[in-house]
Amino acid sequence: MLTQKIFYPLIDKFDRNFFVSLQKAAKEQYTFVGDDDEKVFFVKSLLCFQMLKNYRAPLYAINDNLTKKTSLKTINDIIKSKEFVIDYSWAVWTRDKDMGRLAKKLFSSPLKIIGTDKKFNEFVLRYLISIWLVDWEGPLYALLQSTKDGKANLDELNKILSLWDFTKIFATYKES
C-alpha cells in the first residue's frame, strides 16, 4: 500500500500541520468565497508566488484563514500587504526561468476563470496539496502553460493536478 508518507515530504512542523488542515478541507469540501476579481487575484497569487525564493510566505495567510468558508478577500488583503514581487533570480535551469517569465506575464495580464465554484474550490485544494506539498515544477509548468492564453479552464487545471493525487486524496471529491 502506498502511503502519504512516501509522497509528502513533510519535514517542517508548518508543512505537517498545513497538510492535516488541507486534508480536512478536501474531505469536508471547504469553499473559497469571493467575487470574480478576488478569485482571479488569488489564482494568480497561487500560481505566481510559487516562484518566490521564500515560496511558503503566502501560505501563512491561507493557513491562518482556512475555514469551511474561506474568505478570499481576507487572504488577498494579507498577501497584498506583503508586497510580494515575483522573483526568479534564483533560477538556474532554463525551465525555471521559463516558468518565472510565464508567471510574471500571467500576474500582469487579465485572466478569465472558466468553471463552477465547486471546480474552483477543488482546484485550490488540489493545488495546495499537490504543488506546495509534493512537487512543484511539473505541475506548475503545466498550469502556467495552460493559462498562458489568459484563460484558466478549471476542468483542465483539475485534470492536470489529478496526475499528482498519488494517494487519492481527491478520489471521493464530487461535484454536487
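Keep in mind that the numbers below use all heavy atoms, side chains included, and drop hydrogens, waters and symmetry copies. A quick note: this is a predicted structure, and the numbers were derived from the prediction, not measured.
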Mark yes or no for whether [X], through its side chain, and [Y], through its backbone, hold a donor-acceptor pair below 3.5 Å.
| X | Y | answer |
| --- | --- | --- |
| Asn65 | Ile75 | no |
| Gln50 | Leu47 | no |
| Lys119 | Asn153 | no |
| Asn158 | Leu154 | yes |
| Asp87 | Leu52 | no |
| Thr70 | Thr67 | yes |
| Ser146 | Ala142 | no |

Hey, what do you get for [atom1] ([X]) to [atom2] ([Y]), rounding to the nearest 0.5 Å?
| X | Y | atom1 | atom2 | answer |
| --- | --- | --- | --- | --- |
| Lys105 | Lys148 | NZ | NZ | 7.5 Å |
| Arg95 | Tyr141 | CZ | OH | 10.5 Å |
| Phe170 | Gln23 | CZ | CD | 9.5 Å |
| Asn76 | Lys44 | CG | NZ | 11.5 Å |
| Leu102 | Gln145 | CG | CD | 5.5 Å |

Should [X] and [Y] be regarded as members of a common hydrophobic cluster, given that ILVMFWY residues are connected when their side-chain heavy atoms come within less than 4.5 Å of each other, either directly or indirectly?
| X | Y | answer |
| --- | --- | --- |
| Ile62 | Phe84 | yes |
| Leu163 | Leu46 | yes |
| Leu140 | Ile113 | yes |
| Ile86 | Leu59 | yes |
| Val40 | Ile79 | yes |

Taking the six-membered ring of Phe14 as reference, does the NZ or CZ atom of Arg56 fall below 6.0 Å from its centre and within a 45° cone about the axis?
no

If the threshold is 4.0 Å, N to carboxylate O, is there a salt bridge linking Asp98 and Arg101?
yes

Just so I know, are the side chains of [X] and [Y] near enough to count as touching, which here means a heavy-atom distance under 4.5 Å?
| X | Y | result |
| --- | --- | --- |
| Ile78 | Tyr60 | no |
| Lys97 | Thr94 | no |
| Asp117 | Lys39 | yes |
| Asn63 | Asn17 | no |
| Lys104 | Met51 | no |

Applying ring-ring contact (aromatic ring centres under 6.0 Å, His included) to Tyr88 and not counting sequence neighbours gives none

Using the test ring-ring contact (aromatic ring centres under 6.0 Å, His included), find all partners of Tyr30 that sit at least two apart in sequence or belong to another chain.
none

Search all heavy atoms of [X] against all heavy atoms of [Y] and return the closest pair with its distance.
| X | Y | value |
| --- | --- | --- |
| Lys80 | Phe41 | CG-CZ, 3.5 Å |
| Ala171 | Asp165 | N-OD2, 4.0 Å |
| Ala26 | Ile169 | CB-CG2, 4.1 Å |
| Cys48 | Ala103 | SG-O, 3.1 Å |
| Pro139 | Ile160 | O-CG2, 4.5 Å |

Around atom [atom1] of [X], are there more than 12 heavy atoms of other residues, nucleotides or ligands at under 6.0 Å?
| X | atom1 | value |
| --- | --- | --- |
| Trp90 | CH2 | yes |
| Lys151 | NZ | no |
| Asp12 | CG | yes |

Kindly state each residue pair satisfying salt bridge (Lys or Arg N to Asp or Glu O under 4.0 Å) with at least one member in residues 61-78, sequence neighbours excluded.
Glu28-Lys68, Lys73-Asp77

How are the rings of Phe49 and Phe107 set to each other: parallel, tilted or perpendicular (split at 30° and 60°)?
tilted

What class does the angle between the rings of Phe120 and Phe42 fall in, given that below 30° is parallel, 30 to 60° is tilted and above 60° is perpendicular?
tilted

